[in-house]
Amino acid sequence: MNGPAGTTVLRGVRPLGGAPQDVTVRGSRITAVTPSVTTADGDGLILLPALVDLHTHLREPGDTPSETIASGTRAAAHGGYSDVLAMANCVPVTDTPERVRHIIDRAALTASCRVHPVGAVTSGLAGRDLAPLDAMAAAGAVMFSDDGVCVDDPALLVRALEAARRTGTLVAQHAQCPRLVAGGQVNAGAAARATGLPPWPATGEESIVARDVVLAGATGGRLHICHVSTAGTVEIVRWAKSRGWPVTAEVTPHHLLLTDAMTHDADPLHKVNPPLRTAEDVTALRAALRDGTIDAVATDHAPHTASSKDNHWCEAPFGMLGLETALPVVAEALGAGAEPDWALVATVMSTRPAAVAGLSAVAGRPLRAGEPATFTLVDPRANWRVDRTRSVSASDNTPFHGMTFRHRVVATMVEGRVTADIDGRLATSTGGPDGA
Ligand SMILES: [Zn+2]
C-alpha cells in the first residue's frame with residue numbers, strides 16, 4: 001500500500017490490455033487512472049473488470065463434501081470473479097423464497113464474492129409444478145433455471161417465461177430433450193463409436209432450443225440458453241436474435257477449447273453435460289462469441305468429489321470445475337496462441353453477463369475514476385501449469401490438469417476489498433517510492 005492512508009495505487013497496469021496506467025483506489029472506489037511513469041512495478045499486468053459467472057454450482061446446501069459457498073466462492077475469487085449466480089440444484093432445491101434467502105444469508109457469512117441465487121423453475125426440479133417464481137424474485141432470485149435437467153413441458157416453460165417477464169428476470173434453460181438424449185454419455189459420432197458409449201446427439205440440444213426461442217418470442221419473456229455446445233444451436237440463436245426475440249446464450253470455457261477427441265480414452269474427468277463436441281462445433285462457438293451471437297462465457301463450474309468422479313465412465317457424474325481456469329482458457333481460445341482482444345474478453349466474461357443477470361449497476365463496470373474498485377489482474381506471461389492438487393475448490397475435477405496456459409489471474413478486488421492475491425502479486429504492483 002502507498003499514498004495517503006486508505007489509498008492504494010496500482011502502478012503500471014494495463015486496463016483492457018492498453019497502455020500502462022497508475023490506478024488509484026480509495027475506499028471502495030477507483031479515484032484516478034493516469035498514464036504510468038513507472039511501468040516496471042505493475043509488470044504489465046492486465047487490468048479487467050472483475051468477472052461475472054452466470055452458471056455456478058456451489059453445492060451448498062446438500063453436497064458440502066464436493067463444494068461449499070465458502071470454497072466455491074474462494075475458487076471464484078481466485079479465478080477473477082466478483083459475482084456468481086448459484087444454480088438451484090442443491091439439496092433441498094432452491095425452490096422457495098425461504099431457500100433463496102437462506103443462500104443469501106449463508107453467502108453473507110461465508111462468501112469471498114457476491115452470490116446471486118437462481119431459483120428453480122419447477123418445484124424439486126421435478127418438471128411438474130411451477131415453483132413460486134414471483135415470490136422468489138421478490139426474495140432476491142435473479143434468474144430461474146432447472147439446470148441439470150431440462151424444463152421439458154412447453155406449457156410450463158410458457159408460464160415461467162411469463163413470470164420472468166412480470167418480474168424483470170429471465171429463465172435459463174438446460175436444453176436437453178430427455179427422449180432424444182436418454183442415457184447419452186458422449187457426443188454422437190466418432191466419440192460414441194470409439195468408446196462404445198451411448199450417444200448424446202446434437203439434435204437433443206438443438207430441438208429444445210428451436211422450440212424455446214419460439215416460446216420466448218411469443219411470450220416476450222427473456223430466455224437464456226445454458227452451455228450452447230453445437231454449431232446448429234448457434235444458427236438457431238442467430239435466427240432468433242434476427243427476429244428480435246428476447247434470447248441470450250452462454251458458452252462454457254471447456255466447450256471453447258476441448259473437443260470430443262478427449263473423450264476417446266473414457267476418462268471421467270472429460271465427462272460433461274452437454275458433452276464435448278467436434279472441432280467444427282468449437283470453431284462455430286468461438287465465432288459466435290466473437291460476433292455476439294453468444295453473449296457470454298459461463299463456467300458451469302460443477303464440483304464432484306474424487307470418490308464419485310474417479311469411477312467407471314457410466315457411474316461417474318457429469319461435470320467439470322471451471323472457475324479457477326476460465327480466464328486463461330478463454331484467453332487461449334480467443335487469442336489462439338497470441339494475446340487475445342482483452343476488450344472482448346471483458347465484454348463476454350464481465351460486462352455482458354452482468355447485463356444478462358441485471359447486475360450492471362455493480363458489476364462489469366468501466367475501469368475509470370468514480371467507478372467501484374471491482375477488478376481483476378491478469379499476468380500475461382505466467383505460463384501457468386494447472387495442478388489439480390492445488391485447486392482451492394473443495395473438489396479437483398478439472399479437465400485442464402497438466403495443461404500450461406500463458407495467462408493467469410493473480411489478484412481480484414471487489415469494491416476495494418482484496419478477495420484474492422496469489423503469491424502477493426497485488427502487493428508487488430502497489431509498491432513504490434512513496435510507499436507508506
Ligand atoms: Zn446444465
Side-chain angles (χ1 to χ4, degrees), residues 53-59 62-63 66-67 72 84-91 93-95 116-122 124-127 131 141-152 157 160 170-178 180-187 200-209 211-213 223-230 233-234 237 247-256 258 268 270-277 281 285 294-304 308-309 316-323 326 353 356-357 395 397 399:
D53 191 19
L54 294 169
H55 194 144
T56 302
H57 296 280
L58 291 176
R59 305 295 191 217
D63 184 18
S66 66
E67 198 77 288
V84 301
L85 273 62
M87 278 296 178
N89 63 338
C90 298
V91 184
V93 171
T94 314
D95 59 2
H116 310 278
V118 176
V121 174
T122 67
L125 309 180
V142 299
M143 188 167 84
F144 297 101
S145 183
D146 276 4
D147 183 66
V149 289
C150 182
V151 178
D152 188 35
L157 188 71
L170 71 163
V171 176
Q173 175 72 294
H174 173 120
Q176 174 181 340
C177 174
L180 291 175
V181 174
Q185 295 285 322
V186 294
N187 192 28
W200 198 132
T203 51
E205 175 174 308
E206 293 158 3
S207 58
I208 293 290
V209 175
R211 181 197 78 175
D212 289 358
V213 297
L223 173 75
H224 181 72
I225 312 295
C226 293
H227 39 57
V228 170
S229 72
T230 79
T233 298
V234 167
V237 171
V247 174
T248 53
E250 70 186 30
V251 61
T252 70
H254 47 271
H255 286 110
L256 287 169
L258 310 178
H270 303 134
K271 179 173 177 176
V272 68
N273 187 356
L276 299 177
R277 303 290 192 184
D281 291 311
L285 294 169
I294 292 177
D295 299 82
V297 172
T299 66
D300 193 10
H301 178 83
H304 292 292
S308 66
K309 197 67 171 167
F318 291 98
M320 301 169 165
L321 297 187
L323 289 167
V356 168
S395 294
N397 54 304

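Values in this document were obtained by computation on a predicted structure and should not be read as measured data. Along the sequence shown, residues carry numbers from 1. As the structure lists them, so they are numbered: ligands from 1, and atoms in each ligand from 1. Side-chain atoms are counted along with the backbone in the values below, which use heavy atoms only and exclude waters and symmetry mates.
Residues meeting the salt bridge (charged side-chain N to carboxylate O under 4.0 Å, His left out) test with Asp295, sequence neighbours left out: Lys241. His255 is linked by a side-chain hydrogen bond (donor to acceptor under 3.5 Å, both in side chains) to Thr252, counting only residues two or more places apart in sequence or in another chain. With sequence neighbours excluded, the residues satisfying salt bridge (charged side-chain N to carboxylate O under 4.0 Å, His left out) with Asp95 are Arg99.
A donor-acceptor pair is defined here as one N or O able to donate and one able to accept, closer than 3.5 Å; such a pair exists between the side chain of Lys309 and the backbone of Pro268. Looking only at distances, a side-chain donor or acceptor of Ser395 sits under 3.5 Å from a matching main-chain atom of His304.
What you find for Asp152 and Arg211 is that their closest heavy atoms are O-NH1, 2.6 Å.
For a distance threshold of 2.8 Å, the protein N, O or S atoms nearer than that to the Zn ion (ligand 1), listed by chain and number, are Asp147 OD1, His174 ND1, His227 NE2.
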